[in-house]
Amino acid sequence: MVHLSLIYGEKESKKMLRFLSILLITKVTSGELYAQGNQQRALILTGNDVLVTRYLDRMSGHPAARRHLESFEQQRGFRALDGRGARYVRISPTLTYDPNVTGGVPNDSIDVAGFRFRIDPDFVAQGDILAGVKIRAGLRQNLAENTALDLRFSGSAAYAPRVQVMKINLDAEACLRFQQNAGRHFHICGGGDYRYVKLGEVKSLRISSGVTQAFTSSHGVHSLGLEIGERQVMPDTSSNWSQDFLRISASSALSNGTAITSGLEFGSKVTDIHSQRFRATVGIARYIADRPASLSAHYATSKGGRYMGQPRKDRSFGVSAGYQISDRVSVSMSAHRTLSNADLMQTSLSKNVGISIHF
């Protein structure tokens with residue numbers, strides 16, 4: 001999907017770009033103007049606070065840049081904002097096609113010792129159109145100099161009219177963020193999420209801590225992040241379990257206008273539980289015809305538990321693309337496949353398309 005989450009919305013992102021364009025006219029020579037303008041767009045597309053802070057700090061010799069850096073740090077909670085926090089709320093109607101609205105298994109039969117057995121249709125995945133709404137809200141509150149409280153909530157609820165089921169996703173997180181300097185940020189976060197489909201629901205809690213370091217090069221502004229944490233999963237169909245995880249992330253806003261994001265996640269082994277052990281993602285975004293577009297891919301492996309007496313192993317991979325066709329409308333499409341030694345869970349290529357309207 002297209003990332004415009006840095007300033008929480010298209011309108012605010014355009015304000016940032018307008019400011020940076022004015023700053024450039026007074027700061028750089030005409031020969032540098034084109035490359036710098038492209039880099040600013042890439043900064044917005046990364047959705048990375050630390051990159052913007054580092055970029056503005058690099059240009060802070062100019063009075064306008066210093067003033068905007070102070071304003072940006074106020075909005076992010078690292079400077080006092082007249083006793084008020086920076087708030088945002090975004091609501092988007094959504095319309096998507098989901099190949100599995102019920103949370104069922106991908107296949108309708110299994111092979112056991114050469115015999116084919118049919119699965120109860122009620123437990124097999126069913127695809128349908130999902131019509132619903134998505135909401136994102138948050139608050140950034142200054143607690144002390146260079147220290148911010150970051151509260152975030154996201155949720156979606158959608159209805160599948162043909163299958164007549166609901167699908168609900170909720171997520172909430174609270175973080176303490178500390179800005180040691182313009183290029184180094186630390187955080188401690190705790191959160192939880194809830195997922196509901198017809199065939200079950202899952203609740204989970206998590207806690208994590210990490211650091212992000214930004215730096216510049218002749219090609220742009222870059223960041224590296226490291227995070228460690230633990231999640232506790234509470235499914236309604238089995239016992240609770242917990243898993244440690246390690247995340248490594250990288251982002252770049254290049255001078256040619258391209259934003260690149262990537263990440264690796266490693267999960268610890270969970271005894272007798274099938275869980276994700278590794279995930280890799282990479283994404284690229286840039287403006288096309290003056291609108292943000294993105295393309296991303298992922299690969300993941302899951303292990304644990306047993307299927308027909310054998311250790312179960314899954315591999316999944318997918319791609320997704322998004323384009324913002326107007327200030328208020330975005331479209332997306334994705335494709336995903338899972339390969340498994342459990343034939344019940346192996347899937348053919350599944351596709352998903354969607355449209356969102358932003359307010």
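Sequence positions, counted from 1, serve as the residue numbers for this chain. Every heavy atom of this structure was used, including side-chain atoms; hydrogens, water molecules and symmetry mates were not.
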(message) Nearest 0.5 angstrom please: Phe178 CZ to Ile188 CD1, how far?
(response) 11.0 Å
(request) Rounded to the nearest 0.5 Å, what's the gap from CG on Leu224 to OG on Ser262? Could you check? (result) 8.5 Å
(message) Hydrophobic clustering (ILVMFWY, side-chain heavy atoms < 4.5 Å, transitive) - are Leu130 and Val353 grouped together?
(response) no
(request) Please check if the side chain of Arg286 supplies one atom and the backbone of Asn256 the other of a donor-acceptor pair under 3.5 Å. (result) yes
(message) Can you tell whether the side chains of Arg206 and Asp171 come within less than 4.0 Å, N to carboxylate O?
(response) yes
(message) Set out, in order, the CA-CA distance, both residues' side-chain angles and the distance that settles side chain to side chain donor-acceptor pair (under 3.5 Å) for Gln243 and Arg231, then state yes or no.
(response) CA-CA 5 Å; Gln243 181 184 44; Arg231 64 172 64 91; 2.8 Å; yes
(request) Give a yes or no on whether the backbone of Leu254 and the side-chain of Thr258 come within a donor-acceptor separation of less than 3.5 Å. (result) no
(message) Could you go through Ser302 and Asp314, starting from their C-alpha distance and side-chain angles, then the distance that decides it, and tell me whether this counts as side chain to side chain donor-acceptor pair (under 3.5 Å)?
(response) CA-CA 5 Å; Ser302 300; Asp314 292 359; 5.5 Å; no
(request) Spell out, as yes or no, whether a donor-acceptor pair under 3.5 Å connects the side chain of Asn352 to the backbone of Ser334. (result) no
(message) Within the structure provided, determine whether Phe153 and Ile135 are in side-chain contact (heavy-atom separation under 4.5 Å).
(response) yes
(request) State, with a plain yes or no, whether a side-chain heavy atom of Met234 is found less than 4.5 Å away from one of Trp241. (result) no
(message) Do Thr102 and Val197 have side chains that approach each other closer than 4.5 Å (heavy atoms only, starting at C-beta)?
(response) no
(message) Return the CD to CZ distance between Gln141 and Arg87, rounded to the nearest 0.5 Å.
(response) 7.0 Å
(message) If you count heavy atoms of other groups shown closer than 6.0 angstrom to CD1 of Ile325, is the number above 12?
(response) yes
(message) Are the side chains of Asn240 and Val233 in contact, using a 4.5 Å heavy-atom criterion?
(response) no
(request) Output yes when a side-chain donor or acceptor of Tyr323 lies under 3.5 Å from a complementary backbone atom of Ile288, and no otherwise. (result) yes
(message) More than 12 heavy atoms of other residues, nucleotides or ligands under 6.0 Å from CG of Asp272: yes or no?
(response) no
(request) Indicate the ring-plane relationship of Phe78 and His185, choosing parallel, tilted or perpendicular according to the 30° and 60° boundaries. (result) perpendicular
(request) Provide the closest heavy-atom pair for Ala42 versus Ala259 in the form atom of the first, atom of the second, distance. (result) O-CB, 3.5 Å
(request) Report yes or no: do Val319 and Met333 belong to one cluster of Ile/Leu/Val/Met/Phe/Trp/Tyr joined by side chain heavy-atom distances under 4.5 Å? (result) no
(request) Assess whether side-chain contact (heavy atoms from CB on, under 4.5 Å) is satisfied between Leu95 and Ile129, documenting all intermediate values. (result) CA-CA 7 Å; Leu95 183 66; Ile129 298 292; 3.5 Å; yes
(message) Main chain of Glu201, side chain of Asp236: is a donor-acceptor contact present, judged purely on distance under 3.5 Å?
(response) yes
(message) Using side-chain heavy atoms (C-beta onward) and a distance below 4.5 Å, is Asn38 in contact with Tyr287?
(response) no
(request) Please report the closest heavy-atom contact between Glu173 and Cys189, naming both atoms and the distance. (result) OE2-CB, 3.9 Å
(request) Apply side-chain contact (heavy atoms from CB on, under 4.5 Å) to the pair Gln126 and Val124, showing each step before the final yes or no. (result) CA-CA 6 Å; Gln126 299 182 61; Val124 177; 5.8 Å; no
(request) Please determine, by modelled atom types, if Ser208 and Glu227 share a side-chain donor-acceptor pair under 3.5 angstrom. (result) yes
(request) Indicate yes or no: at least one non-hydrogen side-chain atom of His298 is less than 4.5 angstrom from one of Arg279. (result) yes
(request) Supply the atom-to-atom distance Asn48 CG to Ser251 OG, rounded to the nearest 0.5 angstrom. (result) 4.5 Å
(request) Assert yes or no for the condition that the ring centre distance of Phe317 to Tyr299 is strictly below 6.0 Å. (result) no
(request) Taking all heavy atoms of Met166 and all of Ala157, pick out the closest pair and write down the distance. (result) CE-CB, 4.2 Å
(request) Answer whether the closest heavy-atom distance between the side chains of Ser217 and His222 falls below 4.5 Å. (result) yes
(message) Keeping Thr96 on the side-chain end and Asp98 on the backbone end, is there a donor-acceptor pair under 3.5 Å?
(response) no
(request) Hey, could you give me the OG/CG distance between Ser154 and Asp193, rounded to the nearest 0.5 Å? (result) 9.0 Å
(request) Answer yes if Val202 and Ile273 sit in the same cluster of Ile, Leu, Val, Met, Phe, Trp and Tyr residues linked by side chain heavy atoms under 4.5 Å apart, and no otherwise. (result) yes
(request) Work out which heavy atom in Ala148 is nearest to a heavy atom in Gly77; give both atom names and the distance. (result) CB-O, 3.3 Å
(request) Enter the distance from Ile91:CD1 to Ile357:CD1 here, rounded to the nearest 0.5 Å. (result) 13.0 Å
(request) For the pair Glu70 and Arg79, evaluate side-chain contact (heavy atoms from CB on, under 4.5 Å) and give the outcome as yes or no after the intermediate values. (result) CA-CA 7 Å; Glu70 292 176 1; Arg79 293 175 183 261; 3.6 Å; yes
(request) Using a 4.5 Å cut-off on heavy atoms from C-beta on, say whether the side chain of Val282 contacts that of Ile284. (result) no
(message) Could you walk me through whether Glu73 and Gln179 satisfy the side chain to side chain donor-acceptor pair (under 3.5 Å) test, starting with their C-alpha distance in whole Å, then the side-chain angles of each, then the deciding distance to 0.1 Å, before giving a yes or no?
(response) CA-CA 10 Å; Glu73 289 179 338; Gln179 178 176 271; 2.9 Å; yes
(message) Strictly below 4.0 Å, N to O, side chains only: are Asp128 and Lys167 in salt-bridge contact?
(response) no
(message) Taking Ile207 as the starting point, is it possible to reach Leu170 by hopping between hydrophobic residues whose side chains are less than 4.5 Å apart?
(response) no
(request) Report the residue from Arg337, Gln276, His336 that forms a side-chain contact (heavy atoms from CB on, under 4.5 Å) with Ser316. (result) His336
(request) Validate the cation-pi geometry between Arg247 and Phe245: distance from NZ or CZ to the six-membered ring centre under 6.0 Å, angle to the ring axis within 45°. (result) yes
(message) Is it the case that the side chain of Arg140 and the backbone of Arg76 share a donor-acceptor pair, with hydrogens and angles ignored and the cut-off at 3.5 Å?
(response) yes
(request) Show your working on side chain to side chain donor-acceptor pair (under 3.5 Å) between Gln213 and Arg184 and close with a plain yes or no. (result) CA-CA 5 Å; Gln213 176 68 52; Arg184 183 176 299 158; 2.6 Å; yes
(request) Tell me whether Leu139 is reachable from Leu143 by hopping between hydrophobic residues (I, L, V, M, F, W, Y) whose side-chain heavy atoms are closer than 4.5 Å. (result) yes
(request) Could you tell me whether Phe123 atom CZ has more than 12 heavy atoms of other residues or ligands within 6.0 Å of it? (result) no
(request) Any chance you could lay out the side-chain contact (heavy atoms from CB on, under 4.5 Å) test for Leu246 and Leu226, step after step, and finish with the verdict? (result) CA-CA 8 Å; Leu246 167 68; Leu226 178 67; 3.4 Å; yes
(message) Looking at every heavy atom in both Thr94 and Val133, which two are closest together, and how far apart are they?
(response) OG1-N, 3.8 Å
(request) Kindly determine whether Asp244 and Lys269 satisfy salt bridge (Lys or Arg N to Asp or Glu O under 4.0 Å), including the steps that lead there. (result) CA-CA 8 Å; Asp244 299 324; Lys269 179 180 179 180; over 6 Å; no
